[in-house]
Each structure stands twice: as structure tokens, then as C-alpha cells.
Amino acid sequence: AVSASGIGIIRISGPEAMDVISRIYRSKGGKKKIKEVPTHTIHYGHIVNKEEIIDEVLISIMKSPKTYTKEDIVEINCHGGISTTNKVLELLIQKGIRLAEPGEFTKRAFLNGRIDLIEADGIMNLIEAKTETSRKLSINQLSGNVSNKIISLRDKLIQVISNIEVNIDYPEYDDIEVINNEKILPILKEVNKSLEDTITQSENGKIITEGIKVCLIGRPNVGKSSLVNAILGEERQIVSDVAGTTRDSADSRFTYDHQDYLVIDTAGMRKKGKVYESIEKYSIIRSLKAIERCDVAVIVIDAESGIIEHDKHIVSYALQAGKAICLVVNKWDTIKDKDSELKEWKKRLDNEFQFIPYANVVFLSAKTKARIHTLMPAILKCYESYTKEIKTSVLNDVIRDAVSLHEPPSYKGKRLKIYFVNQTDSKPPKFVFHVNSKSLVHFSYERYLENKIRESFDLDGSPIILQFKNRGEE
């Protein structure tokens, strides 16, 4: 899009770039032939249409292959007025130049072998970087460090495959190095470890570039949009006392304590029995999709009207999706005796939400911004628990101690034996118990093990998954 500015820059890339610019550029003395000037030089002159001067310009000449697209590139630095820039563009189009598609210069750079896909992604991340951390990460990606690491790992694997093939095809030659497991396995383990580290760094980079995704859900008119505005510090969402004013999901980015966040405000989720209009059905679908996208689901409850059954249903959506959960009791400014009510509300929440005892709870007022400072630390704690990774050795120490304190109950003369435990996933954390017989796992003992894991590793705000497998079971 063209807008008024001091300087307007028009970039042309392609084999015809030099021919086109030579037809519309005139140097100050009128003698310089722009096609013959050295590459990577800047020249003063005018853009002309026949004898009419369109603008006074500086022309940057960059000849292939040492350019961003590996094609001839011309940059016209003209005055940034809308009329002037449009006139230069019109003249270029008349001479056979077309407007570039979004991202076409980077696409050409990729197709011409100037950059790879990882570096192309790094360019986009650099353009969209909002923090110093994300900028540095994008520069590292753009510089080719990740690509070079992957190429190095690929070369090692190719070398291993080549050595194996030579040993199979030419066993009769004595001068060929004999390849066995002792020589291959250390290399494969090193490659595997490097790949795991790269994947971890990629996931961490994704968090930095995309931000922690937070979804605000709740009944209509519990103050979700007001809470978004309070977090962002601006009136991003329409706020009304009429229930259901917000009918769509809206994404807003912001930075808190050097960390990027993406907050998704959603339409109020009505009971299914009250979904009359097709637009309401659409809002429910959008809200459920927003839950699927998020890392932390913030369930907003109205302190004025209290907890109702529908609040539990809404929490169940986030629970089924396996999301970290933070309960926010909003409109706390409407409570008169806050100290005594706080104790009562905590008891009420413990009673009504027994199925999520791990949820973080915050009491605040989006309207007055009272206690609003407690929300972001609670969300961050949920996310840290949600993405936590625990070393296998430390995890097994905890489980061994738990079993020694309280042995599994016996059933028909048989007792559960836990051989070892490892974490296989995060978001939420998933722990796999390798046992003698998973049929011996009683639900009460499973709950006991979960509590011991939570006590040892501080997983407040996040669900965790316990899976039991018989020895040798895939």
C-alpha cells in the first residue's frame, strides 16, 4: 500500500530490470548509461516520461548474482508523496513491470537458491519480531546456523549409510573399514541428541516468536472483553452491559516482562439449549476453536452472580482439550466484605471445581483494575507447568520414594510393580509408567502417584497425564 512519507522506495527484480530503468532514467548531465554502471552503486538523476520530468531520484543498481533474489535489482528512491510514487509506478507498469505478489522477492530468493526455507521463515520472523529476544532468534535463523547444523547431521548419516553399503557390497576387500554396532551407534546417538536439541530449540523459538497463547472463555457478560482491555491497557474490545456483545474471537498481541503473548477473547458461551440463532452457533464453534489454539485457558467467573452449573460446563471444554487452566473471579469490586468473602469463595471454588484442584485462581476487577497485577504471573505459572519437562532420573527417584512410603495394594495375591517412569510429552506433561501389569493399577493409587508428582515438581495450573504400560508394550 502506498502512503505519504519523506522517501518512497520502489524495488524492481528480474532480467528486464536494467532495460526498463534505462528507458525512464536520465542522469544529471544526460550522458550516463545506467546499464553500464558498476554493480552496487547509487546514481543521482530523474525519472522521465519522454521529456516530462516525473521526479528527482537516487537509483541503486545491483547486478546478479550478488543480490537478494540473485537477479538484477534496481531500487528507485523517489519522493514519498502518494501522487509522485503512483506516477512512477504507473510509468513502470507501462514499460512492462508488474506489481509483486506478497512475499514474491523472498520466494524468488528461495527458488534461485539464495536462501532455504528455514532462512525464508527467519526473514518473516525478523520482520514480525516485537522483542529483542525474538529479533536475535530470527537473525540466528536467517544467518543459516540452523540450516548448517541440519546439513552437518545429514552428512554424518550419509557417511554411515555409505560405509554400511560398502561393507555389504564389497565384503571381500581387506582395506575397507569394518563397520559394526560399536562404531555406528555412538554416531547415531550423537545425531539423535542433536536433533532432539534442535527440536527443543525450535519449540522454544516458536514460543518466543508466536508468544504464549491465552484464551479467555466464560459465560456472556462476565467481563471477558473488559479483562482483555485491562490487560492490553486500551479499549481493544467493545464493552457493554448487554450480554453477548462480543460475537467473535479476536486476537491481540502484547508483551509482558519481555515475553510475547497472544490473547484470544471469545464470544460468551451460552448453554446449548439457548443457542437459537445461527450466529450464536458460529460463536460457540469459534470459542471451541480458540480453546484448541490456546496454551492457557482463562475461565472468567462473575463474582456478582456467583458460580452456576454452566461455568462447570465451560471449564470441562478446556479440560477435555488438555489445556492449562486459570480461574479468574472477575467483578471483585462488587464484593463488599472482601476478606471474609475471599475465604468463602475459595471454599466454594474447591467444592464446585473438585475435578480441577490444580487450577490457579485469581480474584480481580477488570473494571477498576484492582488486583489485575496478579493475573499475568498466574498465567505464566500455568504455562510453565504446562510445558515443564522433568529428567527421567529425578522422576524415578520421586516414584521410588512414593512407592517405599506407600506400597501399591495387592489384588488376588498380586501386587503392582513399577519398573521405571519417563516423561514422553508436554503440553500437558505426560508420564508413562512401565509396570508388570496395568490391570493392577487401582484408581486411588493412580491419584496418589499423581499427587506425589505434583508435590515434587510444582505443576499448579496444568493437567498431567499418567499412562501405564506393561513391560514390552509399545
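In this text, all values refer to a predicted model and were calculated from it rather than measured experimentally.
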Polar side-chain atom of Asn396 near backbone of Phe420 as donor-acceptor pair, under 3.5 Å: no

Counting only heavy atoms not in Lys338 (residues, nucleotides, ligands), do more than 12 fall under 6.0 Å from its NZ? yes

About how many Å separate CD of Glu101 and CZ of Arg108, when rounded to the nearest 0.5 Å? 9.0 Å

Give a yes or no answer on whether the side chain of Lys224 reaches the backbone of Val300 with a donor-acceptor pair at less than 3.5 Å. no

State whether the number of non-hydrogen atoms from other residues, nucleotides or ligands found under 6.0 Å of Lys438 atom NZ is greater than 12. yes

Does some side-chain heavy atom of Leu327 sit less than 4.5 Å from a side-chain heavy atom of Ile356? yes

Within 6.0 Å of NZ in Lys66, more than 12 heavy atoms from elsewhere: no

Is the backbone N or O of Leu459 less than 3.5 Å from a side-chain atom of Arg454, with the two atoms forming a donor-acceptor pair by type? yes

Check: Asn221 and Asp302 side chains under 4.5 Å, non-hydrogen atoms: no

Pairwise side-chain contact, Ile464 with Pro428, heavy-atom cut-off 4.5 Å (strictly under): no

Are Asp401 and Val403 close enough that some pair of their side-chain heavy atoms sits under 4.5 Å apart? no

Is a side-chain donor or acceptor of Lys213 paired with a backbone partner of Tyr261 at a separation under 3.5 angstrom? no

Between Lys381 and Glu384, is the salt bridge (Lys or Arg N to Asp or Glu O under 4.0 Å) condition met? List the steps. CA-CA 5 Å; Lys381 179 68 191 72; Glu384 288 172 348; 5.2 Å; no

Nearest-0.5 Å distance that lies between atom OG1 in Thr387 and atom CD1 in Ile212: 7.5 Å

For Lys347, does its backbone N or O pair with a side-chain atom of Asn351 as donor and acceptor, under 3.5 Å? no

Take Arg219 and Asp311 through the test salt bridge (Lys or Arg N to Asp or Glu O under 4.0 Å) and record every step on the way to the result. CA-CA 7 Å; Arg219 292 183 279 128; Asp311 291 320; 2.9 Å; yes

Quick one: does Ser385's side chain have a donor or acceptor within less than 3.5 Å of a partner on Asp460's backbone? yes

Salt-bridged, Glu190 to Lys156, with N to O below 4.0 Å? yes

Whether over 12 other heavy atoms sit under 6.0 Å from Lys367 NZ: no

Counting N and O atoms only, with roles assigned by atom type, does the side chain of Thr67 sit under 3.5 Å from a partner on the main chain of Lys70, one being a donor and the other an acceptor? yes

Residue pair Arg253, Asp260: steps toward the salt bridge (Lys or Arg N to Asp or Glu O under 4.0 Å) verdict: CA-CA 7 Å; Arg253 291 187 179 275; Asp260 283 355; 5.8 Å; no

Do Arg371 and Phe363 meet the cation-pi criteria used here (NZ or CZ under 6.0 Å from the six-membered ring centre, within 45° of the axis)? no

Hey, are Lys417 and Glu407 close enough for a salt bridge, meaning a charged N less than 4.0 Å from a carboxylate O? no

Around atom CZ of Arg415, are there more than 12 heavy atoms of other residues, nucleotides or ligands at under 6.0 Å? yes

Is the shortest side-chain N to carboxylate O distance from Lys452 to Glu455 below 4.0 Å? yes

Heavy-atom side-chain contact between Ile10 and Leu89 under 4.5 Å: yes

State, with a plain yes or no, whether a side-chain heavy atom of Lys183 is found less than 4.5 Å away from one of Pro186. no

Would you kindly check if the NZ (Lys) or CZ (Arg) of Arg114 is within the cone defined by 45 degrees around the ring axis of Tyr68 and under 6.0 Å from the six-membered ring centre? no

Looking just at side-chain N and O atoms, do Ser13 and Glu71 make a donor-acceptor pair shorter than 3.5 Å? yes

Using only atom types and a distance under 3.5 Å, with no angle test, would you say the side chain of Ser162 pairs donor to acceptor with the backbone of Ile158? yes

Would you say Asp169 has more than 12 foreign heavy atoms packed within less than 6.0 Å of its CG? yes

Residues Tyr411, His442; criterion ring-ring contact (aromatic ring centres under 6.0 Å, His included); working and verdict: CA-CA 9 Å; Tyr411 178 70; His442 193 271; 9.0 Å; no

CG-CG distance between Leu153 and Asp155, expressed to the nearest 0.5 angstrom: 9.0 Å

For Met376, I'd like to know if atom CE has over 12 heavy atoms of other residues, nucleotides or ligands within 6.0 Å. yes

Check the pair His434 / Tyr419 against ring-ring contact (aromatic ring centres under 6.0 Å, His included), numbers first and verdict last. CA-CA 6 Å; His434 300 266; Tyr419 298 120; 8.8 Å; no

Checking side-chain polar atoms at under 3.5 Å, does Ser147 have a donor or acceptor matched by the opposite partner on Asp116? yes

After noting the C-alpha distance and the side-chain angles of Arg400 and Asp397, does the key distance pass the salt bridge (Lys or Arg N to Asp or Glu O under 4.0 Å) rule? CA-CA 5 Å; Arg400 272 193 295 269; Asp397 287 343; 2.6 Å; yes

Separation between CD1 of Ile231 and NZ of Lys369, rounded to the nearest 0.5 Å: 11.0 Å

Side-chain touch Thr106/Thr69, heavy atoms, less than 4.5 angstrom: no

Between Asn229 and Ser226, is there a side-chain donor-acceptor contact under 3.5 Å, judged purely by atom types and distance? no

With rounding to the nearest 0.5 Å, note down the distance linking CD1 in Ile164 to CD1 in Ile184. 4.0 Å

Side chain Gln423, main chain Leu395, donor-acceptor under 3.5 Å: no

I'd like to check Lys469 versus Gln467 (side-chain heavy atoms, cut-off strictly below 4.5 Å). Are they in contact? yes

Could you measure the distance from the CD1 atom of Ile372 to the OG atom of Ser365? Nearest 0.5 Å is fine. 8.0 Å

